[in-house]
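Inspection log for the structure reproduced underneath, given as structure tokens.
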Amino acid sequence: MPFSGDGDRELRDDALDRAPGRYRPVSSHLAIAPPVSVVIPAMNEAENLPYVFKSLPDWIHEVVLVDGDSTDGTIRVARELWPDVKVVEQRGKGKGDALISGFAACTGDIIVMVDADGSADGQEIVSYVSALVSGADFAKGSRFANGGGTDDMTLIRKLGNHLLCAAVNAKFGARYTDLCYGYNAFWRHCLDRITLDCTGFEVETLMNIRVVKAGLKVQEIPSHEYDRIHGVSNLRAVRDGLRVLGVILREKGVPRAARRRPRAVRTALPLTVRTGLNGPVGQGEVS
């Protein structure tokens with residue numbers, strides 16, 4: 001129902017007051033109903049967590065920290081920084097295994113993946129969520145889309161990412177500008193359409209491939225990747241690059257006819273959109 005004028009805005013405010021907590025203010029022009037879960041896989045990241053948690057917006061529904069048997073007090077620091085954090089102790093090994101465990105523990109309708117090394121800016125989450133409530137199924141971060149960037153990739157890694165991305169685009173009919181990046185968000189229902197069955201860093205590539213094969217609507221989000229703040233990454237460019245290549249080769253390509261097949265766009269959950277402090281305000285659904 002659209003609102004206009006001071007009287008209508010007062011009616012809008014009264015309606016929201018009668019249902020406290022139904023809508024979460026995301027920015028000056030957007031409030032959402034769906035709860036957002038943030039999954040953070042971590043292993044010995046106690047020094048980085050203060051930077052990670054400081055950047056997270058206060059309107060998110062929950063933080064799920066998946067701890068990979070840390071020995072530096074990662075869990076203690078997380079609980080000090082975010083008292084309501086949900087801690088999942090990882091039973092297996094690898095980033096893929098950690099994310100799968102974290103996804104299973106989420107209760108939000110939207111799930112956001114954030115690395116624990118301080119390289120991701122949590123304030124960008126608003127862009128991912130905005131894309132999802134506007135009709136996308138999967139919001140994929142990209143360091144190479146217009147407006148994105150990276151401080152943490154060597155020339156070799158950039159070249160490898162470019163070649164692997166080109167291979168995925170050619171084989172699966174995608175239009176990605178980035179492939180091996182862990183900052184993504186999606187509606188939880190996407191997990192019913194894709195199967196995640198890998199344990200390592202190649203999990204992001206597998207997700208990117210299978211959302212395309214499932215016909216889900218993907219929107220890239222420009223994102224800036226900063227340098228890891230403390231510690232050393234467990235990523236090994238050659239080893240993990242070969243694992244990513246193995247995923248690409250094993251997955252069956254999408255026939256060209258299937259790529260052109262139209263797909264109905266799902267309707268997002270209700271949201272409230274404010275176009276300005278003194279402008280019209282609308283409440284309804286988007287598709």
Side-chain angles (χ1 to χ4, degrees), residues 26-30 36 38-42 45 47-57 60 95 99 110-134 136-170 172 174-186 200-209 211-212 217-238 240-241 243-245 248:
V26 172
S27 69
S28 61
H29 62 280
L30 177 67
V36 177
V38 174
V39 176
I40 305 175
E45 299 285 7
E47 289 186 289
N48 291 320
L49 289 186
Y51 302 93
V52 177
F53 280 81
K54 183 179 179 180
S55 74
L56 295 178
I60 61 177
K95 186 176 184 180
L99 287 173
I110 289 174
I111 298 175
V112 185
M113 305 156 48
V114 177
D115 287 340
D117 58 4
S119 63
D121 181 2
Q123 293 301 313
E124 292 181 358
I125 290 177
V126 63
S127 298
Y128 290 82
V129 170
S130 295
L132 294 174
V133 298
S134 296
D137 294 305
F138 190 89
K140 182 191 177 310
S142 173
R143 297 161 291 188
F144 304 112
N146 187 26
T150 178
D151 302 329
D152 192 39
M153 288 188 77
T154 63
L155 181 60
I156 294 298
R157 284 180 59 199
K158 286 182 180 179
L159 178 61
N161 185 70
H162 175 75
L163 293 175
L164 293 169
C165 187
V168 167
N169 289 343
F172 303 99
R175 296 181 179 180
Y176 293 142
T177 60
D178 197 354
L179 184 66
C180 307
Y181 190 40
Y183 202 173
N184 304 296
F186 54 91
F201 282 98
E202 69 274 16
V203 63
E204 290 115 356
T205 296
L206 185 67
M207 292 183 73
N208 294 334
I209 290 173
V211 295
V212 171
K217 184 177 180 181
V218 180
Q219 181 173 330
E220 283 196 330
I221 306 298
S223 177
H224 192 98
E225 178 188 41
Y226 297 90
D227 285 323
R228 163 182 277 275
I229 299 174
H230 296 287
V232 179
S233 173
N234 292 315
L235 176 69
R236 298 294 179 265
V238 175
D240 294 309
R243 292 183 69 158
V244 169
L245 179 60
I248 296 172

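Every heavy atom of this structure was used, including side-chain atoms; hydrogens, water molecules and symmetry mates were not.
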- Message: Can you confirm whether N208 sits close enough to F138 that some side-chain heavy atom of one is under 4.5 Å from a side-chain heavy atom of the other?
- Response: yes
**Prompt:** Going through the distances and angles, do M113 and L99 end up as a side chain to side chain contact (heavy atoms under 4.5 Å, CB included)?
**Reply:** CA-CA 8 Å; M113 305 156 48; L99 287 173; 3.8 Å; yes
* Quick one: do N161 and Y181 satisfy side chain to side chain contact (heavy atoms under 4.5 Å, CB included)? Show the steps, please. => CA-CA 9 Å; N161 185 70; Y181 190 40; over 6 Å; no
Smallest heavy-atom separation, A116 atom then P41 atom, equals CB-O, 3.4 Å
Contacts of K140 meeting side-chain hydrogen bond (donor to acceptor under 3.5 Å, both in side chains) (sequence neighbours excluded), chain-then-number -> none
K95 with D115: basic N within carboxylate O range, under 4.0 Å:
yes
With the side chain counted from C-beta on, respond yes when V129 and I110 share a heavy-atom pair under 4.5 Å apart, and no when they do not. yes
Closest heavy-atom pair, A120 versus V114, reported as atoms and distance to 0.1 Å, is CB-CG1, 4.2 Å
d(D178 CG, E220 CD) to nearest 0.5 Å is 7.0 Å
Contacts of N184 meeting side-chain hydrogen bond (donor to acceptor under 3.5 Å, both in side chains) (sequence neighbours excluded), chain-then-number -> none
Are any side-chain N or O atoms of N169 and backbone N or O atoms of Y176, one a donor and one an acceptor, separated by less than 3.5 Å? yes
Side-chain touch I221/Q219, heavy atoms, less than 4.5 angstrom = yes
*asked:* Within the 3.5 Å criterion, strictly below it, is a donor on H224 or D151 matched to an acceptor on the partner's side chain?
replied: yes
In this structure, CG of D117 is separated from CG of L49 (nearest 0.5 Å) by 10.5 Å
One should read off an interatomic distance between Y51 OH and E45 CD, to the nearest 0.5 angstrom, of 12.5 Å
Is the closest side-chain heavy-atom distance between L30 and S130 below 4.5 Å? yes
Across all chains, not counting sequence neighbours, the side-chain hydrogen bond (donor to acceptor under 3.5 Å, both in side chains) partners of E124 are S223
One should read off an interatomic distance between Q123 CD and K54 NZ, to the nearest 0.5 angstrom, of 11.0 Å
Side chains of L179 and V244: does their closest heavy-atom pair fall under 4.5 Å? yes
**Request:** Side-chain contact test, heavy atoms from C-beta onward, threshold under 4.5 Å: evaluate it for T150 versus K158 and give yes or no.
**Result:** yes
_With a 6.0 Å cut-off (strictly less than), is the heavy-atom count around CG of D227, excluding the residue itself, greater than 12?_
yes
**Item:** Flag side-chain contact, heavy atom, 4.5 Å: I209 against T205
**Value:** yes
Note: S55 and G122 closest approach over all heavy atoms is OG-N, 3.0 Å
Could you go step by step and tell me if D137 and K217 meet the salt bridge (charged side-chain N to carboxylate O under 4.0 Å, His left out) rule? CA-CA 5 Å; D137 294 305; K217 184 177 180 181; over 6 Å; no
- Item | Ring centre gap for F186 and Y128 strictly below 6.0 Å | no
Distance col, row C180:SG vs F201:CZ, nearest 0.5 angstrom, shows 11.0 Å
The reported gap from CD1 in I60 to CG in L56 (rounded to nearest 0.5 angstrom) is 4.5 Å
Here the pair of heavy atoms bringing T177 nearest to C165 is C-SG, 3.9 Å
Next on the checklist: Are the side chains of Y183 and V112 in contact, using a 4.5 Å heavy-atom criterion?
Outcome noted: yes
Looking only at heavy atoms, the pair that brings P57 and I125 closest together is CD-CD1, 4.0 Å
